[in-house]
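Below, all heavy atoms of this structure are taken into account, side chains as well, without hydrogens, waters or symmetry copies. Please read these numbers as outputs of a predicted model, since none were measured by experiment.
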Amino acid sequence: MSTKRFANLMQGKDTAIVISRKQDFLVSEWYTYWIENFKATTVKKGTLESYDKIFHLYIEPFLGDRRLSEVTSQEIQVFYNELAKNDYSKSTITLIHALVTNMFRHAYRLELIQKNPIEHIILPRGRQKKERHVLTREEQEILLRYLVGNEIEELVIFALATGMRLGEITGLTWENVDFEKNEVNVKEILKKDPNGNFYKDVPKTSKSLRTIPILPQIAGRLQKLKKFQDRKRLAGRMPRANEYEALGRLVFTRPDGSPYSDLQLCRLLKRIVTEINRDDIAFPKITPHCLRHTFATRALENGISAKVVQEFLGHSSVKMTLDLYTHVMHHTKAEEMQKMSELF
């Protein structure tokens, strides 16, 4: 789907193509029809964007110009095997497979194809994801020192103190900060569409809708930030704040009042790391997601149960938390076992 067509779809304009049930059309044509007629009204805007990226980046170059009825299991198997040979990760191949499966399964149900080619596919192993980098306690202290006075100082400290996802942090509004109870309510996320426009979307899963307690010192920093923003607004020193008023009163903004994008934050973090390394300190590359993993690691290291950490992070299950942080849990279990030593 073209960017223009996707934008029209997002604005509610009817761009659907009426295709005969008996027509033998291309995979790319079926994708467009399937999205516009079956998915546009049933999934989140962010999910539609993910589908679009996956299809055009991976699926369309290999299968886009093939007739839907002619695609075979062997052809799809070769496609997946090539992805694995080219060092794509297992998670990327799984995402591609999920989209291909949904497309062909729906075509089969509508009797547009006589056989579903997905039925006998075996997913190749693919490259395992690199181990998530987590800041050591020393690295965390170094980062906090170099953050002082930086425009993202409060945002990074908040991320390290809550473990919230980047879109949850950048989309957080003052309305969802409760200073009486010292907690924040995660109800929405900030995203950017293909045209560069910011919009609010609902979080990934129902578990992502959650309330996270914040430490008194973090609440104190937020109160100071709010007062600082209020003064800047009154003085007219946040010129773009009104431009984004529809997003709500955002807690974390650029100095001019505009929202942060993922790319901007990655660049700003990169600059800080460059500054640290310039002082002859070997400091690793970090991303916004690294801050989330660091929070979870510190929480588990300090004895917070995996179940509670799961709720903080908004994971769908405690198993997901345990699988992600096995390295911490192994160390924690060994320490816990030492409490039994006095019995023997």
**Student:** Using modelled atom types only, decide if a donor and an acceptor are shared between the side chain of Ser258 and the backbone of Arg240 within a distance under 3.5 Å.
**Tutor:**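 Side chain of Ser258 to backbone of Arg240: no pair is present.
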**Student:** Near Gln223 CD, under 6.0 Å, is it more than 12 heavy atoms from other residues, nucleotides or ligands?
**Tutor:**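 Atom CD in Gln223 is crowded, with more than 12 foreign heavy atoms closer than 6.0 Å.
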**Student:** Charged N to carboxylate O below 4.0 Å: is that the case for Glu175 and Lys187?
**Tutor:**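 No, this pair does not count.
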**Student:** Going by the rule salt bridge (charged side-chain N to carboxylate O under 4.0 Å, His left out), which residues pair with Glu311 if we only count those two or more places apart in sequence or in a different chain?
**Tutor:**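 Once residues adjacent in sequence are excluded, Glu311 has no partner under the salt bridge (charged side-chain N to carboxylate O under 4.0 Å, His left out) criterion.
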**Student:** Answer yes or no: does atom CD of Glu138 have more than 12 heavy-atom neighbours from other residues, nucleotides or ligands under 6.0 Å?
**Tutor:**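 Open: at most 12 neighbouring heavy atoms sit under 6.0 Å from CD of Glu138.
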**Student:** Check for me, please, whether Leu83 and Phe104 land in the same ILVMFWY cluster - side-chain distances under 4.5 Å, paths through other members count.
**Tutor:**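 Looking at the clustering, Phe104 is in the same group as Leu83.
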**Student:** Looking at every heavy atom in both Gly46 and Asp201, which two are closest together, and how far apart are they?
**Tutor:**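 Minimum heavy-atom separation between Gly46 and Asp201: N-OD2, 3.0 Å.
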**Student:** Say you draw a straight line from CD1 of Ile272 to CG of Leu147; how long is it, rounded to the nearest 0.5 Å?
**Tutor:**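 The CD1 atom of Ile272 sits 4.5 Å away from the CG atom of Leu147.
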**Student:** Kindly say whether Lys90 contributes a backbone atom to a donor-acceptor pair with the side chain of Arg125 at under 3.5 angstrom?
**Tutor:**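 Looks like no, no N/O pair under 3.5 Å.
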**Student:** Out of Glu75, Glu29, Glu60, which residue meets the salt bridge (charged side-chain N to carboxylate O under 4.0 Å, His left out) rule with Arg66?
**Tutor:**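 For Arg66, the salt bridge (charged side-chain N to carboxylate O under 4.0 Å, His left out) check succeeds only for Glu75.
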**Student:** Do Val100 and Ile121 have side chains that approach each other closer than 4.5 Å (heavy atoms only, starting at C-beta)?
**Tutor:**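 They are not in contact (no side-chain heavy atoms under 4.5 Å apart), so the answer is no.
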**Student:** Which pair of non-hydrogen atoms, one from Phe179 and one from Ala219, has the smallest distance, and what is that distance?
**Tutor:**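 Smallest heavy-atom distance, with atoms named: CE2-O, 3.5 Å.
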**Student:** Looking at Lys44 and Pro203, would you say the former's side chain and the latter's main chain have a donor-acceptor pair under 3.5 Å?
**Tutor:**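 Here the side-chain-to-backbone pair exists.
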**Student:** Has the side chain of Asp279 got a donor or acceptor atom that lies under 3.5 Å from a matching backbone atom of Ile281?
**Tutor:**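 Answer holds: no.
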**Student:** Tell me whether Ile59 is reachable from Ile113 by hopping between hydrophobic residues (I, L, V, M, F, W, Y) whose side-chain heavy atoms are closer than 4.5 Å.
**Tutor:**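 Both belong to a single hydrophobic cluster.
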**Student:** Has Gln114 got more than 12 heavy atoms of other residues, nucleotides or ligands less than 6.0 Å from its CD?
**Tutor:**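 Count not over threshold, so no.
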**Student:** Does atom CD1 (Ile122) have a neighbourhood of more than 12 heavy atoms from anything else shown, all under 6.0 Å?
**Tutor:**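 Atom CD1 in Ile122 is not crowded, with 12 or fewer foreign heavy atoms closer than 6.0 Å.
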**Student:** Would you say Arg271 has more than 12 foreign heavy atoms packed within less than 6.0 Å of its CZ?
**Tutor:**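 No, not enclosed.
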**Student:** Would you check, one step at a time, whether the test salt bridge (Lys or Arg N to Asp or Glu O under 4.0 Å) holds for Glu151 with Arg254?
**Tutor:** CA-CA 7 Å; Glu151 71 167 272; Arg254 301 296 310 268; 2.9 Å; yes
**Student:** Evaluate Leu68 against Met103 for side chain to side chain contact (heavy atoms under 4.5 Å, CB included), listing each step before the verdict.
**Tutor:** CA-CA 10 Å; Leu68 193 68; Met103 288 171 56; 5.9 Å; no
**Student:** Roughly how far, to the nearest 0.5 Å, is CD of Glu36 from CG of Leu48?
**Tutor:**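 One gets 10.5 Å once the value is rounded to the nearest 0.5 Å.
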**Student:** Using every non-hydrogen atom in the two residues, find where Leu313 and Ala296 come nearest and quote the distance to one decimal.
**Tutor:**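 Heavy-atom minimum between the residues: CD1-CB, 3.8 Å.
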**Student:** Tell me yes or no: between the side chains of His120 and Ser73, is some donor less than 3.5 Å from an acceptor?
**Tutor:**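 Looking only at side-chain atoms, Ser73 and His120 do not form any donor-acceptor pair under 3.5 Å.
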**Student:** Under a 4.5 Å cut-off applied to non-hydrogen side-chain atoms, are Ser208 and Val186 in contact?
**Tutor:**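 When only atoms from C-beta onward are counted, Val186 and Ser208 do not touch, as no gap falls below 4.5 Å.
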**Student:** Answer with yes or no whether the hydrophobic clustering places Leu222 together with Leu144; edges join I, L, V, M, F, W, Y residues whose side-chain heavy atoms lie under 4.5 Å apart.
**Tutor:**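 Same cluster: Leu222 reaches Leu144 through Ile, Leu, Val, Met, Phe, Trp or Tyr contacts under 4.5 Å.
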**Student:** To check you understand the geometry: which heavy-atom pair defines the closest contact between Met238 and Gly257, and what is its length?
**Tutor:**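 The pair with the smallest heavy-atom distance is CE-CA, 3.6 Å.
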**Student:** Does a salt bridge link Asp52 with Lys39, judged by any charged N lying under 4.0 Å from a carboxylate O?
**Tutor:**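 Looking at Asp52 and Lys39, the cut-off is not met.
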**Student:** Taking the inter-plane angle between the rings of His293 and His289 on a 0 to 90° scale, is it parallel (under 30°), tilted (30 to 60°) or perpendicular (over 60°)?
**Tutor:**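 Ring orientation of His293 relative to His289: perpendicular.
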**Student:** Could you please spell out the steps behind the side chain to side chain contact (heavy atoms under 4.5 Å, CB included) verdict for Asp230 and Arg249?
**Tutor:** CA-CA 11 Å; Asp230 289 344; Arg249 291 285 300 275; 3.0 Å; yes
**Student:** Restricting to non-hydrogen atoms, name the atom on Ala159 and the atom on Ile169 that form the minimum distance, rounded to 0.1 Å.
**Tutor:**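 Nearest heavy atoms, Ala159 then Ile169: CB-CD1, 3.6 Å.
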**Student:** Check the pair Leu99, Tyr58 against side chain to side chain contact (heavy atoms under 4.5 Å, CB included), reporting the backbone distance first and the verdict last.
**Tutor:** CA-CA 11 Å; Leu99 182 52; Tyr58 302 109; over 6 Å; no
**Student:** Does Lys85 have any salt bridge (charged side-chain N to carboxylate O under 4.0 Å, His left out) partners at least two apart in sequence or in another chain, and if so, which?
**Tutor:**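 So Lys85 forms a salt bridge (charged side-chain N to carboxylate O under 4.0 Å, His left out) with Glu82.
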**Student:** Quick check on the hydrophobic clustering: are Trp174 and Ile214 connected, directly or via other members, by side-chain heavy-atom contacts under 4.5 Å?
**Tutor:**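 Same hydrophobic cluster.
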**Student:** Roughly how far, to the nearest 0.5 Å, is the CG atom of Leu63 from the CD1 atom of Ile76?
**Tutor:**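 Spacing of CD1 (Ile76) from CG (Leu63) equals 6.0 Å.
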**Student:** Can you label the angle between the Phe38 ring and the Tyr33 ring as parallel, tilted or perpendicular, going by 30° and 60°?
**Tutor:**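 The rings of Phe38 and Tyr33 stand perpendicular, inter-plane angle above 60°.
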**Student:** Sub-3.5 Å donor-acceptor pair from the side chain of Arg292 to the main-chain atoms of Gly163, do we have one?
**Tutor:**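 Yes, because the side chain of Arg292 sits within donor-acceptor range (under 3.5 Å) of the backbone of Gly163.
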**Student:** For Phe158 and Phe252, take the angle between the two ring planes, folded into 0 to 90°, and tell me which bin it lands in: parallel under 30, tilted 30 to 60, perpendicular over 60.
**Tutor:**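 It falls in the tilted class, 30° to 60°.
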**Student:** Under 3.5 Å, side chain of Asn195 to main-chain N/O of Asn197, donor-acceptor pair present?
**Tutor:**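 No, Asn195 side chain to Asn197 backbone: no donor-acceptor pair under 3.5 Å.
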**Student:** Under 4.0 Å between a side-chain nitrogen and a carboxylate oxygen: does that hold for Glu301 and Arg298?
**Tutor:**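 Looking at Glu301 and Arg298, the cut-off is met.
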**Student:** Any side-chain heavy atom of Leu250 within less than 4.5 Å of one from Thr170?
**Tutor:**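 No, side chains not in contact.
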**Student:** Would you name the heavy atoms of Ala306 and Leu322 that are closest together and state the gap between them?
**Tutor:**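 Scanning both residues, the minimum pair turns out to be CB-CD2, 3.6 Å.
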**Student:** Measure the CD-OG1 distance between Glu168 and Thr162 for me, rounded to the nearest 0.5 Å.
**Tutor:**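 Nearest 0.5 Å value for the CD-OG1 distance: 8.5 Å.
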**Student:** Between Lys232 and Pro255, is there a side-chain heavy-atom distance shorter than 4.5 Å?
**Tutor:**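 SC-SC contact between Pro255 and Lys232 confirmed.
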**Student:** Side-chain heavy atoms nearer than 4.5 Å, only ILVMFWY residues, links allowed to pass through others: does that put Leu225 and Ile212 together?
**Tutor:**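 Per the 4.5 Å side-chain linkage, Leu225 and Ile212 are co-clustered.
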**Student:** Which value, rounded to the nearest 0.5 Å, describes the distance between Ile35 atom CD1 and Thr42 atom OG1?
**Tutor:**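 Between atom CD1 of Ile35 and atom OG1 of Thr42 there are 8.5 Å.
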**Student:** Any sub-3.5 Å donor-acceptor pair from Arg231's side-chain atoms to Gln229's backbone N or O?
**Tutor:**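 Judged by distance alone, no pair lies under 3.5 Å.
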**Student:** Salt bridge or not between Glu153 and Arg221? Use side-chain N to carboxylate O under 4.0 Å.
**Tutor:**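 Yes, Glu153 and Arg221 are salt-bridged.
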**Student:** Side-chain contact, heavy-atom cut-off 4.5 Å: Leu324 with Val309?
**Tutor:**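 Not touching, per the 4.5 Å side-chain cut-off.
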**Student:** Would you say that Asp323 contacts Met320 through its side chain, given a criterion of any heavy-atom pair below 4.5 Å between the two side chains?
**Tutor:**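 They are not in contact (no side-chain heavy atoms under 4.5 Å apart), so the answer is no.
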**Student:** Phe25 vs Trp30 aromatic rings, parallel, tilted or perpendicular, using cut-offs 30° and 60°?
**Tutor:**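 Ring orientation of Phe25 relative to Trp30: tilted.
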**Student:** Looking at Tyr146 versus Phe283, is the centre-to-centre ring distance below 6.0 Å?
**Tutor:**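 That pair fails the under 6.0 Å test.
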**Student:** So how far is it from Thr136 OG1 to Glu141 CD, rounded to the nearest 0.5 Å?
**Tutor:**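 One gets 8.5 Å once the value is rounded to the nearest 0.5 Å.
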**Student:** Show your working on side chain to side chain donor-acceptor pair (under 3.5 Å) between Gln310 and Lys307 and close with a plain yes or no.
**Tutor:** CA-CA 5 Å; Gln310 173 217 334; Lys307 179 62 180 174; 3.1 Å; yes
**Student:** Thr173 versus Glu188: any side-chain heavy-atom pair under 4.5 Å?
**Tutor:**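 In contact.
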**Student:** Can you find a heavy atom in the side chain of Ile286 that is under 4.5 Å from one in the side chain of Leu143?
**Tutor:**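 They are in side-chain contact.
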